[in-house]
There are 2 protein chains.
Amino acid sequence: MLFVDSDRRRRPTLDTVAAAVGVSRATVSNAYNRPDQLSSSLRERILETARSLGYAGPDPVARSLATRSSAAVGFMLPQGLSGAFSDPALSIVLDGLASTVDGHDHSLVLMPGDATGGPRPSIVARAQADVMVAYSLPDSAPALDAVAARGLPLVVIDQPVLPGSARVEVQDYLGATLAASFLLELGHTSFGVLMFSLHPDGVSGPASVERRSAVSFRVSRDRLGGYLDTLEKAGVKPDNVPVWEARGSDRELGRLGARWLLTRTPRPSALLCASDQLAFGALQAARDLGLTVPRDVSVVGFDDVPEAAYSDPPLTTVRQPLAEKGRRAGELALKLLAGGRPPRPTRLDVSLAQRDSTAPRT
Amino acid sequence: MLFVDSDRRRRPTLDTVAAAVGVSRATVSNAYNRPDQLSSSLRERILETARSLGYAGPDPVARSLATRSSAAVGFMLPQGLSGAFSDPALSIVLDGLASTVDGHDHSLVLMPGDATGGPRPSIVARAQADVMVAYSLPDSAPALDAVAARGLPLVVIDQPVLPGSARVEVQDYLGATLAASFLLELGHTSFGVLMFSLHPDGVSGPASVERRSAVSFRVSRDRLGGYLDTLEKAGVKPDNVPVWEARGSDRELGRLGARWLLTRTPRPSALLCASDQLAFGALQAARDLGLTVPRDVSVVGFDDVPEAAYSDPPLTTVRQPLAEKGRRAGELALKLLAGGRPPRPTRLDVSLAQRDSTAPRT
DNA sequence: CAGCATGACTGAAGCGCTTCAGTCCCGCCA
DNA sequence: TGGCGGGACTGAAGCGCTTCAGTCATGCTG
C-alpha cells in the first residue's frame, strides 16, 4: 500500500468508473448502494473496474451532501482530552456510546472542551455531525447555543434538561444521599467532602461558600447537595463540613484534596468523594498520613468503576450503570437522527456497593 | 434555545439569506469567509439577516464538498474505547494531538477498533476525514489498507513504517534496554516480564514461545525484544524469563499478571513492565502478596505517566514524551494535509526516570 | 398475438456551498 | 473631460454523489 497523495486532486469519481464501464453514473452508484437494482454480473464488472481504477467507493462528503446526513454523532466534552479521560468513568460511558453508534455505521466526532467548559462554538458550528451528545457540560456552555443555532438534535448526559433535547440521567442526588446516610448509620459525625469541579474555571482548593452555591455542573450540584442535605438533616451543619474542590477527577488531585481534608481539626472520620478516582486518591492520602482505612477513616466513592472492587481496601461506592448510560445515549442519538421526538428522560438507578473502605466510627 | 428538528428539511441556506438581503449568494458566502470582499456595512446587514432567519452559517458538509477538504483528522485505535483509555498514556497522546489539530480548527473523528485490532474497513472508507492517524495498530490491520485505498495521507504512531506515510516514533527498543540494563546493574539475576498485548486477539496469560516471536504490535515487539535481548547479553536465557501477556494495559490486568509472575519459583527479584499501568498493578500485586517494593522485588514501568511520580513507592520508569508524541503527530497530519511530503520519521527520545521502586538485589 | 408486468438501466435535477473571472460604478488624476 | 485603477458585487461553473421518474427490452399471460 502506498500512502502518497501525489494526485489527490485527480482521484477517480463515479463518472470515471461509469465511463470506463460504459454505464451511467446512477448505475455505478447503485452498484455500491443498491445491489438489487442491477444484475449481479454487471455489478461485479463495475466493482472490478473500480478496483482497477483505484476508486475506493463513493466519496463520503459528497454522499453526505446528497443524502443530507453525515452519519456521525458529535460528542462534546467539558474539558481537554487528557483531563477528561483521567477518569475511567468517561471512557466507559464513551465506549458504550461508541459501540452503539459504531454498530449503526456511524462515526464519532470528538469535541474537547476548553476553559469555557465546553467546545468552542466555532468548532460546533463546523462539526460534521447530525446529532450532538453533550457530556456533563456546565449549564451555560456556549457550545449548547451553537448546537441550538444549527438546529441539531441534542442528547444530554448528566445535565439539566434543555427544551427539545433528549436526556439520560442518573439519580446523582439520590446516590449522594445513600452514601451520606450510610456513613451516618455507621455513627460518623465529622465529615469531609471531596468534590471535582464545581465551576469550569480550573480552580482547586477549599470550596468557599459562594462556590458551593450556584454550582455550574449539574452532577456536582446534585452530588454535593445530596451529601450536605443529608448531613444537615442529621444535624450536621454544612458550614462545619470542609469541602475540597479538585479541578478534575483523578487520583492525584484526590490525594491532594484528601490530604487537606484529613489534616483539618477535628479530623473527619469519614470522607465523601464525588468520584472513585478521587476516592482512590483519598485512600492514598490516608496511607501517606499513616492512617488506616477504614479503621481511622472511612471513604466512600461514587461511580463504581471496575477498579473499585480491587483497590486496597476495596471501595464502598455508589454504583451507577456507566456503560448503560453510554448505550442509552447512543440509542437516543440514533433515534433522534431517525426523526424521533425526544422521549421522556431516561433515569438510571443508583445503589450503594458496600465494600471495605467503610466501618463504624470507632 | 430549542432543540427541535421539526423542519430539519427546510433549513435556510445561503440562497435564502441572499434572497432576503437582496444580494447574490456569492456575497453571502463572502460575508462568512472573506470579510475583505465586501463593505462591512453590507456584511453586518447580511449577518444580521442570517441571524433573524435562523441561519447558522454555511453547512459544513457542503462547504467540505466545495473545498474538497473536511477539516477533520481521523484517529484509528487498536481497540474499543474503554480498553484504550484505561491507560492514561493514550489520553495524553490524544490530548496533544487534539489540541494541535483543534488549534487549526480541525476536528477529530475517533475510530475505535474491534477484534481485528483496528477499526472496520467500512468505517474507515466512510469516515469524513482527510488525513488519518493510526495509533499502535497491529502490523496487518485491514484498516490500513482501507486508508491506502482511499489514498488518504497517513500518520502512524508507534508502528512500522509504511511506504508513503509519515511517522512519529519512540525509541521503544532503546527504552527497554535502559530498563533492563539498570536492573542488571543493580545486581538482579531473576526477572519477570509483564507485557500488554502481543497480538490483537484479546488473550491474557503466560506468553508461549510462539506468541513471543512474530509479535503483531511493533511497540510490544520492541519493548519485549529490548528486555530479553539485554538480559540475554548479560547471560540470562530468555527461555528462563517468565513473560505474562495481559490483554490490555490497566492496573487490574497488571495485578493479575504480576501475581502470576511473583508466584513463580524462583520468584523474580525484578519485574519489567511494558507500561506504567501494568507496573502499578504489579505494585499492588506485591502488596497483596506481602512483599515490599523495592526490598523484595524491584519494579520498572514504561511511559512515565504523571502518576508514576506519586505512586507508592514512586515508580522507576522509562520516560517518553507522550504529549509531544501527540503534538508531533498532529503537526505531521496538518502538514500532510497542506500537501507536504512525509518528512523523515521523527524519533523521540527516551530516558530512565529513577525513582524508588527499584533497589539493588539483596 | 396484443397487452402488460417486470427487471435493468438512464437522465437530469438537485444537495448547499466556494471560487473566479468578470461587470459595474465611483472617484481621482492629468 | 477622458481615462483609469480599484473596490464592491455577481454569474455560473463546478464539487461528487443520490434519487426518482422514466425508457426500453424481455418474457409471460390469456
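Protein chains get the first letters and strands the later ones, always in sequence-line order, with residue 1 at the start of each. Values in this document were obtained by computation on a predicted structure and should not be read as measured data.
Between S24(B) and L65(A), it is S24(B) whose nearest contact on DNA chain D lies nearer the 5' terminus. In terms of position along DNA chain D, the nucleotide closest to V28(B) lies nearer the 5' end than the nucleotide closest to the other residue of the pair V28(B) and T67(B).
Summarising the geometry, the separation between CG on D15(B) and C1' on dG14(C) is reported as 12 Å, rounded to the nearest angstrom. Rounded to whole Å, the distance from CG on L14(B) to P on dG11(D) is 15 Å. In this structure, the CZ atom of R126(B) is 15 Å from the C1' atom of dG16(D), given to the nearest Å.
For residues 41-70 of chain B, the pairs satisfying ring pair (Phe, Tyr, Trp, His ring centres under 6.0 Å) are Y32(B)-Y55(B), with sequence neighbours left out. Here side chain to side chain donor-acceptor pair (under 3.5 Å) pairs that include residues 148-162 of chain B, with residues two or more places apart or in two chains, are D158(B)-K325(B). Counting only residues at least two apart or on different chains, the salt bridge (charged side-chain N to carboxylate O under 4.0 Å, His left out) pairs with a member in residues 109-124 of chain A are R120(A)-D102(B), R120(A)-D105(B).
Pairing each heavy atom of A71(A) with each of D130(A), the nearest pair is N-OD2, 3.4 Å. Contact between Q128(A) and S70(B) at its shortest, heavy atoms only, is NE2-O, 3.6 Å.
Under the 3.5 Å distance criterion, with hydrogens and angles disregarded, no donor-acceptor pair is assigned to the side chains of D139(B) and S216(B).
Residue contacts for V23(A): at a heavy-atom cut-off of 4.0 Å it reaches the sugar-phosphate backbone alone, with no base atom in range. Nucleic acid contact for S29(B): base, since at least one base atom lies under 4.0 Å from a heavy atom of the residue. Residue T27(A) is in base contact, counting any heavy-atom pair closer than 4.0 Å across all strands shown.
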Are there any protein N/O atoms within less than 3.5 Å of an N/O atom in nucleotides 23-25 of chain D, and if so, which ones and at what distance?
none

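When each of L110(B), V147(B), I123(B), V109(B) is paired with M76(B), the side-chain contact (heavy atoms from CB on, under 4.5 Å) condition holds for V147(B) and for no other.
In terms of modelled atom types and a separation under 3.5 Å, the side chain of S64(A) and the main chain of S69(A) share a donor-acceptor contact. Here the side chain of D95(B) pairs no donor or acceptor atom with the backbone of S91(B) at under 3.5 angstrom.
Nearest to the side chain of N30(A), among dG11(D), dC15(D), dT10(C), sits dT10(C). Of the candidates dG16(C), dG11(D), dG16(D), the closest approach to any side-chain atom of R68(A) belongs to dG16(C). Of the candidates dT19(C), dG16(D), dT18(C), the closest approach to any side-chain atom of D59(A) belongs to dG16(D).
Under the 4.5 Å side-chain criterion, counting only non-hydrogen atoms from C-beta, V156(A) is not in contact with V168(A).
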Mark up nucleotides 22-28 of chain C, 5' to 3', with B wherever a protein heavy atom is under 4.0 angstrom from a base atom, S wherever such an atom reaches only the sugar-phosphate, and - elsewhere.
-> -------
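If you check residues 31-53 of chain B against DNA chain C, the residues with a heavy atom closer than 4.0 Å are N33(B), R34(B), listed by number.
With respect to R45(B) and E48(B), no salt bridge is recorded, no charged nitrogen being found less than 4.0 Å from a carboxylate O.
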